[in-house]
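So the structure is just underneath, and the comments pick up after that.
Per chain, numbering begins at 1; letters A, B, ... match sequence-line order.
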Amino acid sequence: MIEIENVRKSFGPLEVLKGVSMRVEKGEVVTVIGGSGSGKSTLLTCINGLEPIQGGRITVDGTVVHDPKTDLNKLRQKIGIVFQQFNAFPHLTVLENVTLAPRKVLGMSREAADEIAVKQLSHVGLADKLMVYPSRLSGGQQQRMAIARALAMSPDYMLFDEVTSALDPQLVGEVLDTLRLLASEGMTMICVTHEMRFAREVSDRVAFFREGLIHEIGTPAQIFEAPEKPETAAFLKAAH
Amino acid sequence: MFNYTFHWHQALRALPDMLWGALVTIEVAVLSMVLGIAFAVLLAVARMSANRLAYGAATTWIEVARNTPALFQIYMAHFGLGSFGIHLSPWWALLAGITFNNAGYLAETFRGALRAIPPTQTRAARSLGMGPLRAFWSVVMPQMFRISFPPMTNQMVWAILMTSLGLTVGLATDLAGVTQELNVRTFRTFEFFALAAVLYYLIAKAVMLGARLIAWRLFRY
């Protein structure tokens, strides 16, 4: 379970998160929607400790993320994250991209890591691209590779940070299909997204972010069909 | 004005000795490059760190190495350190001097390359559970070497040519040293140094060719 309690985060004088609280249960899919600069993406990088926070508390399965005593490298092994920019390692083949962390972080043998990587890459539909370098892949393929790379660490949670925002429109579908597949398999996911149809379809709950706060949170039916707050309604109207 | 008779056969007879000297030249250059790269990585990282001591030390090294004659750097390693009772043999002094010089130049090359690698690469590596060292070693450094490869090749050629400065600290076993010994014995200055120059040229060309092969093998992406 991920518990976010009253989290505050600033970049210099700019306060991006102004006291966010949210709880994500095992097996739940939560999507986060909202305008640019509302703090959605920042929240994700706080959850795996890539960014420090200025107030509040985030706990993942009881471990306090920003406690100085927390072994972040250990914690990150169970929280996979996929970024808007795919961040493929350009000097490694697709297979090596996926096996690097299992081998160097988990200490797996090459054979064991290869086996897991091939499984994950097949899962995202890249089984025929193992020996290819990322520069030869389309954006959608690179993003699916990044998803396989995160999954190869067998994480308990997956965070998706606007993973389709940098893709050409015709490539968005293949990545969303991969996310749908994961959701259907019971992966615990937090997805920051601009894809409203996707959010509506896969989410157990949808959180609407506005000005560094969760403005409204509820089931897709509540948020999309009967939003309580006028700002939520206005955002959805503009986003459609 | 031109009543000089060339004595090439004399020079060519000494060719085996000169080739042995060339081997020492290559040995010193390769070692200075390997050590120089290792130091340069540390210097480049130190120069980008927030630690003032590390930054200061690295900056001093880089500034001195790049802005003073290589000859002085080698001199200092031999005679300069000698004044403090640290006696390096000519071979070690030459190696130390060239390593110092290589590290200074390469550090700046590496720093530029590191700037060209997006910080998101490190973020992605860290988010997979890699520690900072592992992320640098497995993700950032290989990309840094690729970007810096052409200037590294130049530095390698420069290192080979710099070894000839070993003459000034009395090194007699490298190509320049052997050539000078032969010259002193025979006074066939033109022949011996022309032949040595051809050998230096061939070694430098071989380095360029080797570098191209390595790059072709290593950088497939």
Measure the shortest side-chain to side-chain distance between B:Arg123 and A:Thr45 over non-hydrogen atoms and say whether it is less than 4.5 angstrom. yes
Just by distance, do the side chain of B:Gln121 and the backbone of A:Ala88 share a donor-acceptor pair under 3.5 Å? yes
Among B:Ala124, B:Gly129, B:Pro142, which residue has the highest count of heavy-atom pairs closer than 4.5 Å to chain A? B:Gly129
Strictly distance-based, threshold 3.5 Å: is any side-chain N or O of A:His91 a donor or acceptor partner for the main-chain N or O of B:Ser138? yes
Just verifying a value: how many Å separate A:Asn87 CG and B:Ser127 OG, rounded to the nearest 0.5 Å? 8.0 Å
Can you tell me how far apart CZ (B:Arg126) and CZ (A:Arg76) are? Round to the nearest 0.5 Å. 5.0 Å
Above 12 or not: heavy atoms from other molecules or residues under 6.0 Å from CG of B:Leu213? yes
Between A:Phe83 and chain B, which part of the residue has a heavy atom less than 4.5 Å away: side chain, backbone, both or neither? side chain
Is it the side chain or the backbone of A:Arg149 that comes within 4.5 Å of chain B heavy atoms, both, or neither? both
Please classify the contact of A:Gln84 with chain B as side chain, backbone, both or neither, using a heavy-atom distance under 4.5 Å. neither
Once side chain to side chain contact (heavy atoms under 4.5 Å, CB included) is applied, do any residues pair with B:Glu181, and if so which ones, sequence neighbours excluded? B:Ala172
Side chain, backbone, both or neither of A:Ile79 within contact of chain B (heavy atoms, under 4.5 Å): backbone
Do A:Leu100 and B:Val139 have side-chain heavy atoms sitting under 4.5 Å apart? yes
